[in-house]
Amino acid sequence: MIELKDVTLKYSSTRGIFNLNFNVEKGEVFGYVGPDDAGKTTTIRMLMGLIRAGRGSATIDGLNCFSRASAIQKNTGYVPEDVALFENMRVKEYLNFITQMRGIFGQKNTRLRDMLLERFEVETRGKIENMSSAMKKRLSIVTALMHDPQTLVLDEPTSGLDPLMQSRFLDLILEEKRRGKTVLLSTHKFEEVERTCDRVGVLREGRLVENKDIVSLRAEETKAYLVKFAAPPNLEQIKKYGFGYQQFSQSDYEIFSPGDRIDVLMKVLSHEKVLVFNSKNQSLEEIFQQHYRKEIDHIEIKEELKNIRKNDEKAKKSEKKPRMMTQKAKKNNILPEQEETVREVKKA
Amino acid sequence: MSIPLFLKNIKNNTFLLMVFAALMSIYLAVIIYIYDPNGIGAMVDMMSILPTKLVNALGFGTIDSGLTGFIASLFYGFLIYLFPMVYCIILANRLVAKWVYEGSFTSLLCTPNSRIKIIVTQGIYLLASIGVLFTILFMVGYGMSEHFFPGMLDVKVFLKLNIGACLMTMTIGMFCFFFSCLFNSTKPALFFGALIPVSFFILNTLSKLSERTAFLGKFSLYNAFDGLAIVTGQSSISLISGGFAVFIGLLFAAAVGVFTLKRLPV
């Protein structure tokens with residue numbers, strides 16, 4: 001179980017993470033999303049004991065993330081965002097080295113490792129420096145999972161992987177979840193969250209602005225469906241049940257429904273003759289962006305207010321020197337008029 | 001100490017060690033080879049042609065007529081500062097700052113080994129490899145002397161010379177190691193790692209120039225080790241060794257302390 005209590009880690013007054021509170025329970029996949037520079041990687045590196053939190057406590061299975069980092073690492077797998085391996089080593093050599101660093105000597109049990117190598121199609125011949133970045137990422141996934149850890153901390157694990165590998169990786173996460181693992185998954189891809197996560201935390205500017213389970217997030221979401229009717233539908237009925245719609249032509253409609261009322265919409269539409277029923281591919285991305293937008297709007301409003309105030313002040317100042325301004329204004333006004341007259345003359 | 005990491009260090013850095021060991025061994029061998037028990041007067045005459053200040057600065061001011069003294073003044077008087085210094089700067093940087101900068105140190109820390117254990121392993125490798133370097137030098141010096149001038153080398157004194165020089169180099173290595181642990185990037189680590197020993201070296205050289213600059217030597221670590229004084233028995237090797245050992249201990253502790261608390265870069 002991962003536990004963060006009031007964790008603050010400042011780089012500057014605006015950069016870092018501030019008063020973070022969240023838990024990731026056993027058997028749960030926690031999606032950690034947010035824009036770039038929000039502090040996702042900082043949080044994760046703090047959990048891995050690479051940086052020390054300024055205030056608050058962060059623990060994994062009850063162990064402090066900084067002082068007991070080595071004890072935590074026994075049972076933790078970490079996939080970093082930017083993979084940096086020992087470039088001059090061969091793949092097998094590297095894997096053996098890490099296994100030995102984990103305190104396991106001799107070729108005891110490489111079954112899981114071999115399975116992972118096969119699953120992610122990692123090329124085991126050759127040096128690491130000659131591998132593509134995607135291959136390095138796959139190798140780092142194998143390294144993180146080969147000791148069958150209880151806790152997985154994944155920092156954008158699928159970035160740079162091809163769709164097939166991404167899908168394989170997500171399947172693996174689902175399998176691990178079924179086996180009761182604790183998973184923290186930081187990502188930009190919302191389909192990953194939709195497919196694997198039980199709960200989502202949205203981080204923005206170092207603060208957790210949302211921490212909800214997927215079910216309630218889904219309920220908040222407004223789904224849109226593109227529907228083509230054979231005959232003009234009974235719009236009164238649709239309105240009555242609280243669904244919004246937009247009409248494109250006599251038979252084409254877009255109907256909006258809250259995420260938890262899709263069954264009701266089905267019942268209503270069952271009385272109509274529906275030719276085409278397509279769900280518009282709306283993703284969690286749009287919900288998150290709504291969260292972001294709210295904040296952006298706030299900022300914009302604040303800035304507008306500031307600007308208005310500034311303008312007011314300027315206006316007051318300018319009132320003190322009215323003559324100069326009016327003279328300049330006159331000049332400006334006169335010039336274009338004159339030009340126009342010149343043009344007219346030329347035309348004539 | 002982590003044994004797999006220590007073995008990896010050996011694998012990574014043996015070539016570097018061998019290059020320096022070979023360079024220094026060849027130098028030492030040549031110095032022993034050119035020694036002529038009867039012709040030492042000619043050597044002194046040659047030195048007298050050169051400006052006294054230059055000769056003093058190079059540490060060739062007094063040349064002992066015995067083989068041990070000859071080696072002490074020509075090899076352990078000047079060259080012993082330069083080659084090992086460069087070795088320390090390069091190795092200390094390779095052991096910590098380079099991996100931290102490249103990010104591969106993360107993969108070491110993401111294994112169940114504490115920071116202290118890992119950094120102590122790196123420090124021990126640094127000390128051990130310097131130890132190996134001087135063991136090789138001692139063997140080469142002893143072998144060459146016995147081959148060309150059997151029975152002329154005072155083995156005890158030669159051993160003392162090597163122990164003193166070895167501990168001095170370890171101290172310099174620890175300075176570099178400290179900066180390698182302190183900084184997250186190779187540039188400042190290399191800069192400060194080189195600045196300290198180079199300034200020691202410059203102060204030491206300046207202090208030998210004249211009476212007026214002699215006080216500068218007090219600020220240089222290299223002044224504590226005087227090869228010729230050990231041969232003539234003027235300075236006590238146990239005192240020097242003790243002093244260096246204390247320095248090594250303090251610097252090692254500081255390096256470990258700094259490393260265990262620092263924020264590692266992304």
Side-chain angles (χ1 to χ4, degrees), chain A residues 9-11 16 37 39-42 44-54 63 66-90 93-105 128-129 136 139-140 143-144 147 149 153 155, chain B residues 1-19 90-91 93-122 124-125 181-186 256-266:
Chain A
L9 196 159
K10 276 184 193 170
Y11 286 118
D37 260 356
K40 300 193 297 286
T41 299
T42 305
I44 284 173
R45 293 179 66 81
M46 191 263 311
L47 284 173
M48 291 295 96
L50 299 171
I51 39 181
R52 194 164 34 111
L63 300 165
F66 191 77
S67 59
R68 302 295 306 282
S70 62
I72 288 172
Q73 288 300 343
K74 250 179 216 161
N75 230 338
T76 303
Y78 168 51
V79 178
E81 187 187 357
D82 299 313
V83 180
L85 308 163
F86 294 104
E87 297 283 313
N88 61 350
M89 281 180 126
R90 294 177 173 277
E93 192 188 353
Y94 174 72
L95 289 170
N96 287 336
F97 171 64
I98 293 294
T99 312
Q100 286 175 0
M101 286 295 285
R102 292 192 170 282
I104 304 155
F105 293 91
I128 292 175
E129 62 190 343
K136 282 180 196 167
L139 178 59
S140 127
T143 324
H147 57 295
V153 179
D155 196 355
Chain B
M1 195 180 87
S2 164
I3 289 166
L5 181 59
F6 194 80
L7 293 175
K8 180 170 166 50
N9 284 332
I10 292 178
K11 207 172 173 188
N12 276 9
N13 300 311
T14 299
F15 181 69
L16 184 73
L17 176 65
M18 285 305 135
V19 167
I90 297 175
L91 182 64
N93 181 57
R94 280 170 73 111
L95 286 174
V96 189
K98 186 171 166 252
W99 282 352
V100 169
Y101 183 63
E102 286 171 357
S104 42
F105 216 95
T106 311
S107 45
L108 293 180
L109 293 176
C110 290
T111 58
N113 297 290
S114 65
R115 284 195 193 194
I116 296 183
K117 190 174 169 182
I118 285 172
I119 209 67
V120 165
T121 308
Q122 300 304 82
I124 288 177
Y125 177 78
C181 288
L182 181 66
F183 294 108
N184 281 337
S185 159
T186 46
V256 171
V258 158
F259 192 80
T260 44
L261 292 175
K262 83 165 172 183
R263 285 179 175 179
L264 284 152
V266 177

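Because the structure is predicted, anything quoted here is derived from the model rather than measured. Letters A, B, ... are given to chains in the order of the sequence lines, protein chains preceding strands, and every chain is numbered from 1.
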(message) Under 4.5 Å from any heavy atom of chain A, what part of B/Ser107 do you find: side chain, backbone, both or neither?
(response) both
(request) Sort A/Asn88 into side chain, backbone, both or neither according to what part of it lies under 4.5 angstrom from a heavy atom of chain B. (result) side chain
(request) Look at A/Arg102, A/His147, A/Lys74 and state which one has the largest set of heavy-atom pairs under 4.5 Å with chain B. (result) A/Arg102
(message) One pair to check against side-chain contact (heavy atoms from CB on, under 4.5 Å): B/Tyr125 and B/Leu5. What are the steps and the verdict?
(response) CA-CA 10 Å; B/Tyr125 177 78; B/Leu5 181 59; over 6 Å; no
(message) Minimum heavy-atom separation for B/Arg94 and B/Asn12, please, with both atom names.
(response) NH2-O, 2.9 Å
(request) For B/Arg115 and B/Lys262, indicate whether the former's side chain and the latter's backbone hold a donor-acceptor pair under 3.5 Å. (result) yes
(message) Is A/Arg45 in contact with chain B via its backbone, its side chain, both, or neither, using a 4.5 Å heavy-atom distance?
(response) side chain
(request) If the plane angle is over 60° it's perpendicular, under 30° parallel, otherwise tilted; pick one for A/Phe86 and A/Tyr94. (result) tilted
(message) Please classify the contact between A/Met46 and chain B as side chain, backbone, both or neither, with a heavy-atom cut-off of under 4.5 Å.
(response) neither
(message) Counting heavy-atom pairs closer than 4.5 Å to chain A, which one of B/Leu109, B/Asn113, B/Ile3 comes out on top?
(response) B/Asn113
(message) Under a 4.5 Å cutoff for heavy-atom pairs, which residue among A/Leu50, A/Ile51, A/Ile72 has the most contacts with chain B?
(response) A/Leu50
(message) Under 4.5 Å from any heavy atom of chain B, what part of A/Leu85 do you find: side chain, backbone, both or neither?
(response) backbone
(message) Does B/Leu7, at its CG atom, have more than 12 non-hydrogen atoms belonging to other residues, nucleotides or ligands within less than 6.0 Å?
(response) yes
(message) Less than 4.0 angstrom from a charged side-chain N to a carboxylate O is my criterion; do A/Glu87 and A/Lys136 meet it?
(response) yes
